[in-house]
Amino acid sequence: MKVALVYDRVNKWGGAERVLLALHELFPQAPLYTSVYSAKKAGWADVFVVKPSFLQRIPFAKTAHEWFALLMPCVFESFTFAEYDLVISVTSEAAKGILTMPSTLHICYCLTPTRYLWSGHNDYFPSFLLSRLASLAVAYLRTWDKVASFRPDFFIAISEEVRTRIKNYYGRDSVVIHPPVDLFASQPVKKNKGEYYLIVARLVPYKRVDLAIKACTRLGLPLKVVGIGSEFKRLRKIAGPTVEFLGAVSDEELINLYQHATALLFPGLEDFGIVMVEALGFGKPVIAFGKGGALDIVEDGVTGVLFPTQTIKDMIEAIQKSQTISFQPSILRRKAEFFAKEQFKHRLSTYIAEICKSRK
């Protein structure tokens with residue numbers, strides 16, 4: 001079976017990129033089609049034969065892709081996949097809109113329906129003026145995105161939250177196969193009470209890192225913040241003396257931070273939330289906002305504490321509640337192992353085999 005992979009853009013590192021590397025282990029000969037490719041920023045992609053689009057030749061496209069959103073429909077429609085039996089698109093944007101022949105099976109591994117068009121529109125266009133200025137472009141892209149959503153033969157969602165969004169925005173059914181998480185693989189679970197609370201997130205508004213900072217500041221608890229982003233200066237201003245900002249860290253540094261943390265704080269609404277699984281893998285409970293991907297990962301009172309609303313009061317109460325619970329590191333680790341890379345590969349390959357069998 002000849003296989004190709006498609007991804008929105010290859011110029012960063014994150015959870016989706018871990019999915020692609022796991023897919024490479026399943027399909028080592030599959031090339032990776034994408035809009036733009038930055039070898040400097042995406043060293044992880046060295047293992048692939050990367051096939052970027054015509055956008056690659058346009059100045060600044062590799063680093064300022066967001067300015068080319070209106071071109072993305074024709075970018076992905078420009079590829080030809082006639083020679084492939086199976087194409088897997090991994091996408092939170094336009095990669096699902098590729099055109100394939102009826103004989104080619106197209107499975108979309110959906111990270112989320114395009115966030116700035118649907119569930120996260122207000123986060124990207126917070127002001128009335130900005131929303132009005134972008135209205136024509138958004139209307140066009142929403143129309144195309146709806147059409148593109150009917151091009152995959154099958155959808156896979158990364159969480160129950162995303163499965164609901166796929167149904168709401170696209171009217172398509174999907175199955176859930178959680179993304180792979182393996183940072184804790186081969187790492188021992190160290191039994192200790194921890195020295196600080198930890199948050200690992202991009203410092204952008206919808207992550208609600210401000211809740212964690214304000215809660216720990218009021219309680220006088222030590223908090224280490226891992227991540228960079230547009231909110232950095234604002235968050236520094238509201239942080240008390242017990243809050244430390246570490247910026248970007250290596251995997252080795254992150255492993256050490258997890259091992260010595262008391263708990264991970266997760267105040268945002270996420271599609272999934274890989275860092276929650278990572279924390280559990282190190283035997284650390286998660287204190288999370290009880291919606292979105294957290295519901296797939298955290299069992300209240302067993303592997304962490306869920307709080308009902310994104311308020312400082314609820315987060316403080318959740319932190320205090322967690323201090324009364326004796327979490328069992330071995331139970332937390334077993335929960336994390338459900339999301340391990342080998343489990344992802346097994347579930348996905350079984351799913352693909354079942355589809356191929358039914359199409360014969």
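Note that this is a predicted model, so its numbers are computed, not measured. Start at 1 with the first residue, then count along the sequence.
Linking Ile, Leu, Val, Met, Phe, Trp and Tyr residues whenever their side-chain heavy atoms come within less than 4.5 Å places F155 and F344 in a single cluster. When the side chains of ILVMFWY residues are joined at heavy-atom separations under 4.5 Å, either directly or via intervening members, V243 and V249 end up in two distinct hydrophobic clusters. Each of L254 and V209 belongs to its own hydrophobic cluster when Ile, Leu, Val, Met, Phe, Trp and Tyr are linked at side-chain heavy-atom distances under 4.5 angstrom. In the hydrophobic cluster analysis, where Ile, Leu, Val, Met, Phe, Trp and Tyr join through side-chain heavy atoms closer than 4.5 angstrom, L221 is grouped together with F307. A continuous path of Ile, Leu, Val, Met, Phe, Trp and Tyr side chains, each step under 4.5 Å between heavy atoms, connects V298 with I158, placing both in one hydrophobic cluster.
Judged by distance alone, the side chain of D153 and the main-chain N or O of H106 form a donor-acceptor pair under 3.5 Å. K341 places no side-chain N or O within donor-acceptor distance of the main-chain N or O of V181, the cut-off being under 3.5 Å. In terms of modelled atom types and a separation under 3.5 Å, the side chain of S38 and the main chain of N11 share no donor-acceptor contact. Side chain of T114 to main chain of L117: no donor-acceptor pair is present (N/O by atom type, distance under 3.5 Å, no hydrogens or angles). Side-chain atoms of E253 come within 3.5 Å of backbone N or O of S250 as a donor-acceptor pair. Looking only at distances, a side-chain donor or acceptor of R151 sits under 3.5 Å from a matching main-chain atom of G97. Using modelled atom types, no side-chain atom of R18 and backbone atom of I274 make a donor-acceptor pair closer than 3.5 Å.
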> Can you check side-chain hydrogen bond (donor to acceptor under 3.5 Å, both in side chains) on Y7 and E17, steps first, answer last?
Replying inline: CA-CA 9 Å; Y7 182 45; E17 288 70 25; 2.5 Å; yes
> Would I213 and L223 satisfy side chain to side chain contact (heavy atoms under 4.5 Å, CB included), going step by step from the backbone distance to the final call?
Replying inline: CA-CA 7 Å; I213 289 173; L223 171 67; 4.0 Å; yes
>> ring-ring contact (aromatic ring centres under 6.0 Å, His included), that's the test. Do H24 and F48 meet it? Break it down for me.
In response: CA-CA 8 Å; H24 176 71; F48 291 95; 4.9 Å; yes
> Could you go step by step and tell me if L23 and V90 meet the side chain to side chain contact (heavy atoms under 4.5 Å, CB included) rule?
Replying inline: CA-CA 10 Å; L23 289 173; V90 178; 3.7 Å; yes
>> Using ring-ring contact (aromatic ring centres under 6.0 Å, His included), reason through F339 and F272 one step at a time and then give a plain yes or no.
In response: CA-CA 11 Å; F339 303 98; F272 180 62; 5.6 Å; yes
>> Under the criterion ring-ring contact (aromatic ring centres under 6.0 Å, His included), I'd like the reasoning laid out for F245 against F232: C-alpha separation, chi angles, the key distance, then a yes or no.
In response: CA-CA 9 Å; F245 291 82; F232 175 74; 5.7 Å; yes
>> As a quick check of understanding, evaluate side chain to side chain contact (heavy atoms under 4.5 Å, CB included) for E278 and V275, giving each step before the final call.
In response: CA-CA 5 Å; E278 290 177 346; V275 297; 3.9 Å; yes
> Which is it for Y258 and Q187 under the side-chain hydrogen bond (donor to acceptor under 3.5 Å, both in side chains) test, yes or no, and what are the steps along the way?
Replying inline: CA-CA 11 Å; Y258 278 130; Q187 296 293 329; over 6 Å; no
>> For a side chain to side chain contact (heavy atoms under 4.5 Å, CB included) check, start with the C-alpha distance between I107 and I352, then their side-chain angles and the critical distance, and finish with the verdict.
In response: CA-CA 9 Å; I107 297 174; I352 292 172; 3.8 Å; yes
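The shortest side-chain heavy-atom distance between V6 and F76 falls under the 4.5 Å cut-off. L235 is listed as a side-chain neighbour of L203, based on a closest heavy-atom distance under 4.5 Å. Inter-residue side-chain proximity for K224 and L257 is flagged as met; some heavy-atom pair is nearer than 4.5 Å. Counting only heavy atoms from C-beta outward, the side chains of T104 and D85 never approach each other to under 4.5 Å. Two residues are said to be in side-chain contact when any heavy atoms from C-beta on lie closer than 4.5 Å; E93 and M72 meet this criterion. For the pair T262/S322, no side-chain contact is recorded, criterion being any heavy-atom separation below 4.5 Å from C-beta on. At a threshold of 4.5 Å between non-hydrogen side-chain atoms, the residues K207 and F266 do not count as touching. Within the 4.5 Å cutoff, side-chain heavy atoms of H260 are placed close to those of N256.
There is a side-chain donor-acceptor pair under 3.5 Å between Y84 and Y33. For T164 and E161, the side-chain atoms include no donor-acceptor pair closer than 3.5 Å.
Under the 6.0 Å distance and 45° angle rule, R115 counts as a cation-pi partner of Y206. With a 6.0 Å cutoff to the six-membered ring centre and a 45° limit on the axis angle, R165 does not count as a cation-pi contact of W118.
No option in V10, L32, L55 other than V10 meets the side-chain contact (heavy atoms from CB on, under 4.5 Å) test with Y37.
Within the structure, the side chain to side chain donor-acceptor pair (under 3.5 Å) test picks out the following pairs touching residues 167-184 (sequence neighbours left out): K96-Y170, D145-Y170, K167-D173, H178-D296. Residue pairs that meet the side chain to side chain donor-acceptor pair (under 3.5 Å) test with at least one member in residues 311-320, sequence neighbours left out, are T309-T311, T309-D314, K313-E317.
When every heavy atom of A94 is checked against every heavy atom of W144, the shortest pair comes out as O-CH2, 3.5 Å. Y140 and L70 get closest at one heavy-atom pair: CD2-CD2, 3.6 Å. When all heavy atoms of I199 and L265 are compared, the pair lying nearest together is CG1-O, 3.5 Å.
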